[in-house]
Amino acid sequence: MSANGIAAVAESYQKFNPRAYLQNNYMPPRANFTSEEFAVPWKLRCLADAFATGEICGRTLIDIGTGPTIYQLLSACDYFEEIVATDYLEVNRAEIQNWVLGEDSSCFDWSPYIQYTCKIEGNGEPWKEKEQKLKKKLRRILPIDVHQAKPLGSSLSQPADALVSAFCLEAVSPDRPSFDRALRNVTTLLKPGGHFLMIGALDESFYLAGEAKLSVVPVSEADVKESFAKSGYRTRNFCSYVMPPSLKIGVDDVQGIFFIHAQKIA
């Protein structure tokens, strides 16, 4: 059943519209930077605080299922020599590549995100410097299939020091067993003792991205913690955010957001 379900998910994503997805989730009202009561500032705070510990660092960080977004990588800039973006869809990889190259004037404007991240990090870093730093460190943008035992094929010469993922595994898995297998698959990309920061949807069954209506496997806080434990992780931190009524805008049925910082047991 899972194999058929995974094939159906892959087919549904052929209609995925990156610009519609960005409009739905990364523009107001969800991207309101006046308060951490809004979804986007909450996510940026979780990431900034995790990296501020100084524990999550090394040579390589891999972003699992980057999609058309870069916000989840902003606070990682100072802690890794190389950041690898990955996505199943060529349209999403192209969106990231266009942002890195700065050749497409119609690219999504991430400057409010970068400015806000610099503000909450409190290091006095000019936002343009952070932007250029991330662009220089995003050296590779690779295809990935989290449902394969080797999600990156032969593209990875050695395990990464850390993984980041935002709204990927639950959104490409037709059921809990598929979610768990996908988590185990991507865990092979991480070295023992390495850190995994994941942001995802709580109790969501679908979201829209243009003409595409994408199914999501609903997971609870307990489900996420259990899946990470079964995949050989120790949870270091777990936070959740309840989606307020004002941000339930009809583009999905998400009830909340989770953030987990887990460490792979050596």
Side-chain angles (χ1 to χ4, degrees), residues 18 21-22 24-27 30-31 33 36 38-53 56-58 60-80 82-89 92-93 95-97 99-100 107-121 127 130-131 133-142 144 146 151 160-172 183 186 189-190 194-202 207 209 224 236-241 254 256-262:
Y21 173 77
L22 291 168
N24 291 347
N25 295 284
Y26 297 99
M27 295 287 286
R30 291 181 174 179
F33 296 96
E36 287 177 23
F38 295 96
V40 164
W42 181 87
K43 291 185 283 186
L44 293 173
R45 169 63 72 181
C46 287
L47 292 161
D49 286 353
F51 283 108
T53 64
I56 308 165
C57 58
T60 304
L61 177 139
I62 299 175
D63 183 13
I64 305 297
T66 303
T69 68
I70 57 91
Y71 73 93
Q72 66 274 24
L73 303 172
L74 292 169
S75 288
C77 280
D78 293 322
Y79 302 96
F80 294 90
E82 177 188 35
I83 295 174
V84 180
T86 70
D87 203 78
Y88 182 76
L89 294 178
N92 284 338
R93 298 195 301 272
E95 190 78 24
I96 300 301
Q97 187 68 55
W99 180 78
V100 170
C107 273
F108 189 81
D109 179 15
W110 291 107
S111 59
Y113 288 73
I114 307 170
Q115 290 165 14
Y116 186 80
T117 299
C118 288
K119 175 185 170 184
I120 62 175
E121 288 177 347
W127 74 269
K130 181 178 283 291
E131 179 181 59
K133 188 188 303 176
L134 178 54
K135 287 183 176 184
K136 286 176 182 175
K137 293 189 176 183
L138 266 172
R139 296 172 194 156
R140 291 191 285 170
I141 303 169
L142 304 175
I144 190 170
V146 300
D161 299 286
L163 304 178
V164 167
S165 188
F167 302 99
C168 174
L169 298 190
E170 73 280 10
V172 298
L183 180 55
V186 300
L189 304 175
L190 181 64
H195 298 265
F196 195 165
L197 303 180
M198 184 188 285
I199 295 174
L202 289 170
Y207 73 97
V224 175
R236 299 287 303 276
N237 187 29
F238 191 98
C239 306
S240 60
Y241 170 92
V254 67
I257 303 169
F258 70 84
F259 170 82
I260 186 169
H261 169 197

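Quick note: numbers below take in every heavy atom, side chains included, and nothing from hydrogens, waters or symmetry partners.
A donor-acceptor contact shorter than 3.5 Å links the side chain of Glu170 to the backbone of Ala201. Judged by distance alone, with hydrogens and angles left aside, the side-chain atoms of Ser75 form no donor-acceptor pair with the main-chain N or O of Gln72 at under 3.5 Å. Checked by atom type and distance alone, the side chain of Tyr116 never pairs as donor or acceptor with a backbone atom of Pro41 at under 3.5 Å. Looking at Lys130, its side chain never comes within 3.5 Å of a backbone N or O of Ile114 through a donor-acceptor pair. Using modelled atom types, no side-chain atom of Lys133 and backbone atom of Asp78 make a donor-acceptor pair closer than 3.5 Å. With Arg93 contributing its side chain and Asp87 its backbone, the two residues share a donor-acceptor pair below 3.5 Å. Under the 3.5 Å distance criterion, the side-chain polar atoms of Tyr113 are matched with a main-chain donor or acceptor of Tyr26.
Between Trp42 and Glu36, the shortest heavy-atom contact is CB-O, 3.8 Å. The two residues Ile257 and Ala39 come nearest to each other via the heavy atoms CD1-CB, 4.0 Å. Across Val164 and Phe196, no two heavy atoms sit closer than the pair C-CE2, 4.1 Å. Residue Leu169 comes nearest to Met198 through the heavy atom pair CD1-CE, 3.5 Å, listed as atom of the first residue, atom of the second, then distance. Nearest heavy-atom pair, Gly65 versus Cys168, reported as atom, atom and distance to 0.1 Å: CA-SG, 3.8 Å. Of all heavy-atom pairs between Pro68 and Tyr21, the closest is CG-CD2, 3.7 Å.
The distance from atom OG1 of Thr69 to atom CD1 of Ile96, rounded to the nearest 0.5 Å, is 6.0 Å. To the nearest 0.5 Å, atoms CZ (Phe108) and CH2 (Trp99) are separated by 12.0 Å. Atoms CZ and OG1, from Phe167 and Thr66 in turn, are 14.0 Å apart once rounded to the nearest 0.5 Å. Interatomic distance, Leu73 CG to Phe80 CZ, rounded to the nearest 0.5 Å: 10.5 Å. Rounded to the nearest 0.5 angstrom, Leu44 CG and Ile120 CD1 are separated by 5.5 Å. Here the straight-line distance linking atom CG of Leu47 with atom CD of Glu121 works out to 10.0 Å at 0.5 Å rounding.
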Show, in sequence, the C-alpha distance, side-chain angles and deciding distance for Tyr207 and Asn24, and conclude whether the side-chain contact (heavy atoms from CB on, under 4.5 Å) test is met. CA-CA 10 Å; Tyr207 73 97; Asn24 291 347; over 6 Å; no
Should Val186 and Ser165 be marked as a side-chain contact (heavy atoms from CB on, under 4.5 Å) after you check the CA-CA gap, both sets of side-chain angles, and the distance that decides it? CA-CA 10 Å; Val186 300; Ser165 188; over 6 Å; no
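Looking only at side-chain heavy atoms (C-beta outward), Asn237 and Phe259 come within less than 4.5 Å of each other. Counting heavy atoms from C-beta outward, Ile199 and Tyr241 have side chains that stay 4.5 Å or more apart.
Qualifying ring-ring contact (aromatic ring centres under 6.0 Å, His included) partners for Tyr88, counting only residues two or more places apart in sequence or in other chains: none. The side-chain hydrogen bond (donor to acceptor under 3.5 Å, both in side chains) test applied to Lys135 returns no partner, not counting sequence neighbours.
Partner of Thr86 under the side-chain contact (heavy atoms from CB on, under 4.5 Å) criterion, out of Ile62, Asn92, Asp63: Ile62 alone.
Ring geometry for Phe51 against Tyr79 counts as parallel: the plane angle stays under 30°, on a 0 to 90° scale with 60° as the upper cut.
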